[in-house]
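Just so you know, these numbers come straight off a predicted model, no measurement behind them.
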Amino acid sequence: LICFRNLFGICFLCVFKMASSLFVFVMAALLPGALCNMYDVIEEHKAPPVACEQGCEDWSAVPASAALWVNQSMRAAAGNACAQPGLAVNTYTYGSICMCKQGVVPSPDSSHPFAGQVFKMQNQFTGEDDFVSFTWSYGSNYWLRATYEENDALPLRLMPVTGSEHTYTLYSMWPGFKGYIGVDQDILAVMTNGTTVGALQVQLESQGDNYLMKTGTDTYVSFCTASCQNNKWLKPDYTNLTEAMPLKFVNVTDNTTDYEYCVSKQGVPEQINVQVGTTPDFVVISFVTFENNTANMKPPTAVVSTDSGSKQTYTGETHQYKTPSGDRTYLMHFVKIDQLKPRTTYSYSVSSGGVDAEPSPTFSFKSGYSDGPTKINVFGDMGVYEWNNMANLQKDCEDGNADLIIQMGDHAYNEGAEDERRGDGYMSAWQPTLANCPWMPIVGNHEFYDGVELGRYLNQTWEGSMTQANKFANGRSTATSALGSFLSRGNHHAVAKSGLAGPSHTSRYFSADFGLVHLIALDLNVYFGVDVCGDACRVSQLAWLKADLAAANTNRAKVPWVVAMSHYPFYCTGCDNAQQSAQWYASNEAEFAGIFNKTAEKQFLYNKGIEQDKALKLGASSDKIIADLIPILQEYGVDLYLAGHWHYYESLWPAHIAPHGHGGTPIQKNFNNPNVTVHVTTGNGGPPGLDNFTRYGNRIDSTRAQSELFGYGRVIALNATHLQYQQVANSDNSIVDDFMVTKTRSTGPF
């Protein structure tokens, strides 16, 4: 890692490059006061998209690509490799992309005046003005209909048919959905088979400024209404000329339509991350491969070495997972690295054990420890956005300001999108950080959306036990998505299979000791109608928590601090809205429309078939988690409770216990020997947008400090009597808030 800094200490260039050149990223290239958040990621281990028939163009050869990169020197170094440019991630949300190299584009002539040109097509039938595009909801091909705004219109390149005047095939230029237009079940569709087989030929007939598309001797393209439930699907077989659809051709000049999503190479490790163990003497290295040939597959391996030169090969286990569409199969690998010496740097490379396996680049991590100053970064709510904290966290780990990263839920926004490619892009973007710095993922409400229903999280951190048999481990997991599978299965290996009071056997809730801190992760989704597990999970979690805390208190001489976490806060500004529905509060839609958007909430409940007056209320849900859990935190003397969900930062003074989310009045306005748990909300690691305190009542009685800046927390346990909390701004690494909790008691209830 090479970092150059200006006189003000603000990061303006950080470059990291693996020795094998397979993975390169830049943290930032900025002027004083500018952002230092998302980095550029070059992924040479990715392959060009199928749609890029001529391969990928050099980034430097495409002037328009300059605006996508944080650092122009990285753009120049990227060549034609696949990448996630740091300023492109808000637009290209499913992972690495490349600019397709253009083949020979046909030139217009008198027989084909539109040859090679790209157009959007607007319906000019009487009373109509919508544009043509496609839907992703029907089968393996994508049906066309005339129901869209211009921004969503499908760009189509007209390819001339030799020997037939004014006759063309139509080629979709939509990134990720390139292909010729054919006919599927009597409806025009994008055929993503990568060939011209089945391509529909259309002859253009001029009609003033518009054109009709003729598909046969007496047949034309038009749209259906009543017979299609007014979906306006495009069909090729209208015989009545008066029914034919006139189209206006709107020229497309934006060459960004040539960006395509890259694909995974066979047997090449990706999404590599190191998950912390229950105790500091082991970690679990997790990674993904895609391999068509799984015959004679051996267990995955990690070759680990230390600075002294000693080297050891560890073997692990593999889980096979298919996406909901069934189109892609993940091989998820988990290798436990144990008997680690404290505070020691280990280098490693991983391989799947498949016949097509390639070793990963060499990464390194620093092992945990059981004593001495303990440094942990913690936050909730972070996706792949330009303003996230990936670069900040990497820098903290490199600078020795963090030894562990904890993400308190809402991974990726949303991990299941586009057949789980959103989750892939998230973990690939994270790899430069998480392959080199141990982390602990916690479940949030967004792990339930886009059809994954917690699945990707549960499998990726692993909720069941696994045994190596029949080539793949067959442990129990309720996960139904790839990222859930990957996170929960790795988490199970790392933290759910053991514990002071016995294992939790689930990635929904678990605990781990790290340095001077006993860390507890909880899942509160059941209280807000998100998780169908319901009361069974609630009751078992409460029983496990009591046992875990009782055991932790017997170990306070060695591990003096207890920090509990979940995605949802107990007390915060906005937590006590009695009339708001809990389902809306925890919904995907609320994250983007705003939690207090009453119109959007009403439409959400209607769409879900929930009567507004019968919806589960946020106030009641908030009261329930307080009634269930606050007495336990008090009984066992939990020092600090951290949460996210709200996209802001708020710290509270030690306050009287209250039954509602607005909390009680302050007991004291310092943190010297507090007799209650200290509460902090830090849910602005890098979500789609920020929450505004004004909309939620400005503050509650116990509010101490607030910030609406994107940021993250640092928990620093200095010794048995002093624990420091800092809130850091993503934009410039400045300290937004800083306070110290001191105590003389060692254990027991408050």
Side-chain angles (χ1 to χ4, degrees), residues 106 108-135 137-139 141-150 152-174 177-193 195-252:
D109 57 32
S110 58
S111 296
H112 298 94
F114 297 131
Q117 297 183 51
V118 181
F119 298 97
K120 297 177 179 179
M121 298 185 177
Q122 185 179 25
N123 186 0
Q124 296 293 291
F125 200 89
T126 303
E128 301 287 339
D129 62 359
D130 287 330
F131 282 80
V132 172
S133 196
F134 66 99
T135 177
S137 303
Y138 293 84
N141 295 315
Y142 303 93
W143 294 359
L144 270 58
R145 58 184 176 183
T147 59
Y148 296 90
E149 300 290 335
E150 183 173 1
D152 295 320
L154 175 63
L156 292 163
R157 188 185 296 280
L158 274 62
M159 304 297 288
V161 176
T162 304
S164 299
E165 287 191 349
H166 305 293
T167 302
Y168 305 86
T169 53
L170 309 176
Y171 188 81
S172 166
M173 297 295 293
W174 193 286
F177 297 89
K178 289 191 176 181
Y180 285 92
I181 303 302
V183 179
D184 179 46
Q185 301 181 52
D186 198 35
I187 295 175
L188 270 63
V190 180
M191 311 291 284
T192 54
N193 54 18
T195 72
T196 59
V197 176
L200 178 69
Q201 296 184 8
V202 297
Q203 185 180 43
L204 299 184
E205 288 188 359
S206 175
Q207 191 182 71
D209 294 332
N210 304 317
Y211 294 88
L212 303 178
M213 291 197 297
K214 193 173 185 178
T215 58
T217 305
D218 297 305
T219 54
Y220 295 85
V221 170
S222 194
F223 62 99
C224 62
T225 52
S227 62
C228 299
Q229 290 77 49
N230 209 35
N231 277 310
K232 299 184 181 179
W233 302 116
L234 269 58
K235 294 194 171 189
D237 52 3
Y238 285 83
T239 57
N240 189 334
L241 185 60
T242 61
E243 294 181 326
M245 177 172 61
L247 289 164
K248 177 182 178 181
F249 288 6
V250 179
N251 190 46
V252 175

Checklist line | Check: Gly116 main-chain N/O paired with Arg157 side-chain donor or acceptor under 3.5 Å | finding: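 The answer is yes, because a donor-acceptor pair under 3.5 Å joins these two groups.
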
Notebook entry, point to check: When you measure from the side chain of Lys120 to the backbone N and O of Glu150, does any donor-acceptor pair fall under 3.5 Å?
Noted result: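 The answer is yes, because a donor-acceptor pair under 3.5 Å joins these two groups.
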
So do [Y] and [X] actually touch side chain to side chain, heavy atoms under 4.5 Å?
X: Tyr211; Y: Ser206; answer: yes
X: Val202; Y: Thr215; answer: yes
X: Glu149; Y: Phe131; answer: no
X: Ser111; Y: Thr167; answer: no
X: Leu200; Y: Leu170; answer: no
X: Ser133; Y: Leu144; answer: no
X: Val190; Y: Ile181; answer: yes
X: Asn123; Y: Lys232; answer: no

Margin query: With a 6.0 Å cut-off (strictly less than), is the heavy-atom count around CG of Asp152, excluding the residue itself, greater than 12?
Written below: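 It does: Asp152 CG has more than 12 such atoms within range.
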
Margin query: Counting only heavy atoms not in Asp209 (residues, nucleotides, ligands), do more than 12 fall under 6.0 Å from its CG?
Written below: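 No, CG of Asp209 has 12 or fewer neighbouring heavy atoms, counting only those of other groups under 6.0 Å.
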
Margin query: Over 60° means perpendicular and under 30° means parallel, so tell me whether Phe119 and Phe249 are parallel, tilted or perpendicular.
Written below: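 The arrangement is tilted - the two ring planes meet at 30° to 60°.
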
Check: How are the rings of Phe177 and Phe134 set relative to one another: parallel (under 30°), tilted (30 to 60°) or perpendicular (over 60°)?
Finding: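 Because their plane-to-plane angle lies in the 30° to 60° range, the rings of Phe177 and Phe134 count as tilted.
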
Could you report the tightest heavy-atom contact between [X] and [Y], atom names first, then the distance?
X: Ala244; Y: Leu212; answer: CB-CD2, 4.0 Å
X: Pro108; Y: Pro113; answer: CB-O, 3.3 Å
X: Thr169; Y: Ala199; answer: CG2-CB, 4.1 Å
X: Val252; Y: Pro155; answer: CG2-CB, 4.4 Å
X: Lys178; Y: Tyr171; answer: CB-OH, 3.5 Å
X: Tyr168; Y: Leu158; answer: CD2-CB, 3.8 Å

Item checked: Verdict with supporting geometry, Gln122 and Gln124, side chain to side chain contact (heavy atoms under 4.5 Å, CB included) -> CA-CA 6 Å; Gln122 185 179 25; Gln124 296 293 291; 3.4 Å; yes

Next item on the list: Output, in order, the C-alpha distance, side-chain angles, deciding distance and verdict of side chain to side chain contact (heavy atoms under 4.5 Å, CB included) for Trp143 and Gln185.
Entry: CA-CA 9 Å; Trp143 294 359; Gln185 301 181 52; 3.9 Å; yes

Kindly compute the distance separating [atom1] ([X]) from [atom2] ([Y]), expressed to the nearest 0.5 Å.
X: His112; Y: Ser164; atom1: NE2; atom2: OG; value: 6.5 Å
X: Thr147; Y: Trp233; atom1: OG1; atom2: CH2; value: 7.5 Å
X: Met213; Y: Glu205; atom1: CE; atom2: CD; value: 12.0 Å
X: Leu234; Y: Met121; atom1: CG; atom2: CE; value: 10.0 Å
X: Leu247; Y: Leu204; atom1: CG; atom2: CG; value: 9.0 Å
X: Thr219; Y: Lys235; atom1: OG1; atom2: NZ; value: 14.0 Å

